[in-house]
Enquirer: 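Dumping the structure here so I can ask a few things about it.
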Protein chains: 2
Amino acid sequence: MTVTLADVAARAGVSSATVSRVLNGNYPVADSTRARVLRAVEELEYVVNGQARGLAAATSDLVGVLVNDIADPFFGIMAGAAQAEIAHGSPASGGTGGGKLAVVCNTGGCPKAELTYLTLLQRQRAAGVIVTGGAAEDAEHTRAVTAKLSRLATDGTRIVLCGRPPLPLDGDAATLAFDNRGGARRLTGHLLELGHRHIGYITGPKDRSTTRHRLEGHRTALAEHGLAADADRLTVGGDYHRHAGYQGACELLARAPELTAIVAANDTAALGVCAALRERDLRVPQDVSVAGFDDLPFSVDAAPALTTVRLPLHEAGARAGRLVTGREEVPPGGIAMVTAQLVRRASTAPPRAS
Amino acid sequence: MTVTLADVAARAGVSSATVSRVLNGNYPVADSTRARVLRAVEELEYVVNGQARGLAAATSDLVGVLVNDIADPFFGIMAGAAQAEIAHGSPASGGTGGGKLAVVCNTGGCPKAELTYLTLLQRQRAAGVIVTGGAAEDAEHTRAVTAKLSRLATDGTRIVLCGRPPLPLDGDAATLAFDNRGGARRLTGHLLELGHRHIGYITGPKDRSTTRHRLEGHRTALAEHGLAADADRLTVGGDYHRHAGYQGACELLARAPELTAIVAANDTAALGVCAALRERDLRVPQDVSVAGFDDLPFSVDAAPALTTVRLPLHEAGARAGRLVTGREEVPPGGIAMVTAQLVRRASTAPPRAS
DNA sequence: ACACCCATAGCAAGCGCTTACTGCGCCGCG
DNA sequence: CGCGGCGCAGTAAGCGCTTGCTATGGGTGT
């Protein structure tokens with residue numbers, strides 16, 4: 001039924017060892033022999049059995065990419081960039097094309113699913129794992145994930161944390177930490193400089209590291225201007241989805257009509273905020289300024305174009321891909337900070353004179 | 001270094017065959033023995049080697065999910081639903097948790113990448129493959145993909161086409177065909193019934209089956225009202241992205257100021273259309289009606305809420321997941337039509353009296 | 001002419017697991 | 001009291017591939 005190495009060997013009149021060596025190109029083989037083998041491979045449409053190869057060579061060409069929400073472009077962009085980088089691999093002399101297979105796993109932000117996927121990847125003896133996005137902030141879960149990743153690392157799986165706080169792992173791992181705190185602080189700082197004094201904030205999901213960091217940055221900026229007191233009242237919970245922005249804006253407006261600006265924890269929610277404001281005939285930015293976070297592709301194109309904080313998602317994903325395949329050196333200390341850059345656009349302006 | 005079956009066996013004082021049987025639970029094992037084995041598994045933190053198991057049992061727990069654009073929620077939703085269904089699997093008596101590993105592969109709509117991923121999956125002897133989204137319409141490529149999928153199917157890999165036209169495969173495959181044509185026809189029909197006579201259309205990417213089908217549906221509706229003549233002038237090319245909608249709207253407005261409605265090939269582009277109209281101080285729907293396709297989550301929440309065609313993406317993805325894992329019967333004939341339902345919302349209204 | 005060496009190719013031992021098939025007590029029944 | 005049968009556990013033969021080591025044969029150096 002399925003063609004094996006031995007079939008190819010027979011057809012080419014050589015031993016299976018020779019075929020293997022031709023395919024892997026790591027051992028001298030006479031040109032004439034190589035040609036004969038390659039022809040046999042062609043004719044038989046041979047495709048190597050990855051499981052057998054993995055078993056024998058104790059390697060694997062699977063790389064796992066864990067994401068919190070595959071339907072969110074934030075993750076889609078990173079995952080896509082990482083996958084492209086991972087699939088690229090070396091040109092591969094052989095016949096079947098090189099590169100590794102990136103496995104995008106959707107945890108849905110659920111800690112248990114995260115652990116399950118990690119185990120599944122461990123089963124497959126994955127060559128590497130990239131974990132993207134904010135971590136659930138739960139002591140028990142953090143311990144479990146740390147243990148699992150440590151185990152993977154010591155077993156030789158490369159670990160890359162992308163957009164997530166570093167973890168004290170046994171083996172060595174690389175972390176691309178996003179400067180959520182700094183970005184959020186600059187963003188709110190920008191609003192404060194414009195003269196806003198009543199700024200609402202819509203957070204991400206509870207107990208997620210990104211949520212906390214962004215909120216902390218926001219609070220820091222407020223504190224620097226002596227505005228910490230009112231912060232709690234002007235903060236409402238959300239979950240990064242558009243609807244949360246919509247609802248959050250309604251809630252904030254009800255709570256504090258004096259509001260002149262709303263910051264959402266991400267761009268998607270910010271769009272929801274804009275929708276809510278439009279519905280109330282409040283103009284952006286004349287009546288209320290709005291700001292987001294992430295600088296997703298649609299943000300520049302929104303009406304008005306969204307002031308936000310750019311996270312170089314594509315680059316970060318690509319870099320994570322290179323790190324996990326060993327094509328890029330791990331940064332000293334294992335941690336690299338990914339900068340978050342303030343992008344001022346049309347959705348923010350000085351508050352209306354009141 | 002890494003723990004093997006034999007290690008567990010030694011620790012439990014049994015043979016490795018017994019351990020295997022405990023883990024797979026398909027052979028009688030005395031309770032006392034089972035308990036001892038499970039304890040050893042715990043203590044040693046044993047995790048089965050998927051490659052070895054796959055090799056020995058000629059099975060695999062990988063399922064590939066090919067998507068055209070992982071950053072697009074259209075695919076994200078389907079992939080997420082499919083993955084959840086695939087990972088679920090049987091409760092798995094054993095220790096390490098059951099279910100299969102769904103591999104989301106991002107082809108970027110590139111035919112070559114599609115083939116590459118298919119080969120990679122073939123290498124891993126994937127248990128199944130779900131191919132989502134429109135197919136590239138190129139004879140050569142269609143031939144190649146058909147051949148590859150046929151090969152996979154005869155080798156025992158389950159094939160599911162989701163949102164893509166059926167293919168004449170050797171083995172048996174299931175197809176979930178989206179009624180793009182019918183949906184588009186009803187959508188444009190709705191606009192025509194409202195009284196619109198000058199309707200612009202912004203297409204998806206060239207040479208993609210979904211693009212063609214949706215456009216055909218649109219044209220059919222026009223023809224039914226004797227409006228086919230002007231269709232070419234009122235059609236501009238796009239690529240499903242927001243920016244294409246923005247640009248397309250500008251182009252259409254320039255070409256045909258008499259326009260009273262614009263249909264975009266998907267919701268994302270429709271949002272771009274709205275942005276362009278707003279920028280020109282054209283009100284939606286009073287001045288120009290706008291319609292999209294897909295009914296992505298943000299569409300209901302846009303301002304104004306978007307009239308569109310709902311594709312049950314989540315359900316379809318989940319069903320594809322069940323089909324590919326054999327948990328659902330393949331429909332008679334191998335093909336099931338997924339209905340596309342018109343959703344009338346605030347972005348469409350009768351044209352302004354002129 | 002002889003010992004050697006290098007370039008190739010083959011041999012065979014696994015990699016870690018599954019699964020026939022065999023083995024071994026112990027029961028019930030004639 | 002003996003025999004078939006049953007319930008478990010062990011033996012061992014691979015699954016398809018990689019790779020260290022061995023074998024061969026022609027070219028070199030002296």
Side-chain angles (χ1 to χ4, degrees), chain A residues 1-38 40-41 44-61 93-96 122-127 155-156, chain B residues 1-38 40-41 44-61 93-96 122-127 155-156:
Chain A
M1 197 74 218
T2 83
V3 182
T4 71
L5 244 206
D7 298 331
V8 176
R11 172 136 194 156
V14 299
S15 75
S16 60
T18 302
V19 177
S20 167
R21 301 205 258 244
V22 168
L23 260 22
N24 292 298
N26 50 12
Y27 194 86
V29 172
D31 285 347
S32 60
T33 310
R34 175 195 320 285
R36 221 157 3 110
V37 169
L38 289 178
V41 167
L44 263 28
E45 298 185 22
Y46 171 72
V47 173
V48 64
N49 181 324
Q51 303 183 311
R53 165 183 292 188
L55 217 211
T59 62
S60 160
D61 41 10
S93 45
T96 32
Q122 187 182 3
R123 276 229 260 262
Q124 300 301 326
R125 304 296 188 257
D155 282 1
Chain B
M1 196 74 216
T2 84
V3 182
T4 71
L5 243 207
D7 297 331
V8 177
R11 172 136 196 155
V14 299
S15 75
S16 59
T18 301
V19 177
S20 168
R21 299 204 260 245
V22 168
L23 260 22
N24 292 298
N26 50 12
Y27 194 86
V29 172
D31 285 347
S32 60
T33 310
R34 176 196 320 287
R36 221 156 5 109
V37 169
L38 289 179
V41 167
L44 263 29
E45 296 185 23
Y46 171 72
V47 173
V48 63
N49 182 323
Q51 302 182 312
R53 165 185 292 188
L55 217 212
T59 63
S60 158
D61 41 10
S93 45
T96 32
Q122 188 181 2
R123 271 227 259 263
Q124 301 300 326
R125 304 295 188 258
D155 282 3

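Side chains included, hydrogens not; waters and symmetry mates left out as well; all remaining heavy atoms used. Numbered from 1 within each chain, the chains take letters A, B, ... in sequence-line order. Everything numeric here is computed off the predicted structure, so don't read it as measured data.
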Enquirer: To the nearest angstrom, how far is Gln51(B) atom CD from dT18(C) atom C1'?
Expert: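 Taking atom C1' of dT18(C) as the reference, CD of Gln51(B) is at 16 Å.
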Enquirer: Ignoring hydrogens and geometry, is there a side-chain-to-backbone donor-acceptor pair from Arg36(B) to Ala12(B) under 3.5 Å?
Expert: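 Judged by distance alone, yes, a pair lies under 3.5 Å.
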Enquirer: So Val29(A) and Val37(A), do their side chains get closer than 4.5 Å, heavy atoms only?
Expert: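 Sidechains of Val29(A) and Val37(A): no contact.
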Enquirer: Rounded off to whole Å, could you give me the CG-to-P distance for the Leu5(B) and dT18(C) pair?
Expert: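 The answer, rounded to whole Å, is 6 Å.
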Enquirer: Are any of Asn24(B)'s side-chain N or O atoms less than 4.0 Å away from OP1 or OP2 of dT18(C)?
Expert: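 Checking Asn24(B) against dT18(C): at least one side-chain N or O falls below 4.0 Å of OP1 or OP2.
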Enquirer: Expressed as a whole number of angstroms, how long is the span from Asn49(A):CG to dC17(C):P?
Expert: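 These atoms are roughly 16 Å apart.
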Enquirer: In whole Å, I'd like the distance from the CG atom of Asn26(B) to the C1' atom of dC17(C).
Expert: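 Rounded to whole Å, this separation is 13 Å.
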Enquirer: Which letters describe nucleotides 6-13 of chain D, given B = protein heavy atom under 4.0 Å from base, S = only from sugar-phosphate, - = neither?
Expert: --SBBB--
Enquirer: To the nearest angstrom, how far is Arg123(B) atom CZ from dC17(D) atom P?
Expert: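 Arg123(B) atom CZ is separated from dC17(D) atom P by 12 Å.
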Enquirer: Any side-chain heavy-atom pair from Arg125(A) and Asp155(A) closer than 4.5 angstrom?
Expert: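 Not in contact.
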Enquirer: Okay, side chain of Gln51(B), backbone of Ala58(A): is any donor-acceptor separation there less than 3.5 Å?
Expert: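 Here the side-chain-to-backbone pair does not exist.
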Enquirer: By the 4.0 Å heavy-atom rule, please label Ser20(A) as base, sugar-phosphate, or nothing.
Expert: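 Base contact - Ser20(A) has a heavy atom under 4.0 Å of at least one base atom.
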Enquirer: Return a table of donor-acceptor pairs under 3.5 angstrom between the side chains of residues 1-11 of chain A and protein atoms on other chains or two or more places apart.
Expert:
from     : atom 1 : to       : atom 2 : distance (Å)
Thr4(A)  : OG1    : Ala6(A)  : N      : 3.3
Asp7(A)  : OD2    : Thr4(A)  : N      : 2.9
Arg11(A) : NE     : Glu43(A) : OE1    : 2.7
Arg11(A) : NH2    : Glu43(A) : OE1    : 2.8

Enquirer: Can you work out whether Leu55(B) or Val19(A) has the more 5'-proximal nearest nucleotide on DNA chain D?
Expert: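 With Leu55(B) and Val19(A) compared, the 5'-side residue is Leu55(B).
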Enquirer: In whole Å, what is the span from the CG atom of Asp61(A) to the P atom of dC17(D)?
Expert: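 To the nearest whole Å, that distance equals 14 Å.
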Enquirer: Could you give the CD-to-P distance, from Gln122(A) to dG16(C), as a whole number of Å?
Expert: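 One finds 15 Å between P of dG16(C) and CD of Gln122(A), rounded.
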Enquirer: Rounded to whole angstroms, how far apart are CZ on Arg125(A) and P on dC15(C)?
Expert: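 Going from Arg125(A) (CZ) to dC15(C) (P), I get 14 Å.
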Enquirer: In chain order, what residues pass the side-chain contact (heavy atoms from CB on, under 4.5 Å) check against Ala30(B), with sequence neighbours excluded?
Expert: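 Counting only residues at least two positions away or on another chain, Ala30(B) forms a side-chain contact (heavy atoms from CB on, under 4.5 Å) with Ser32(B), Thr33(B).
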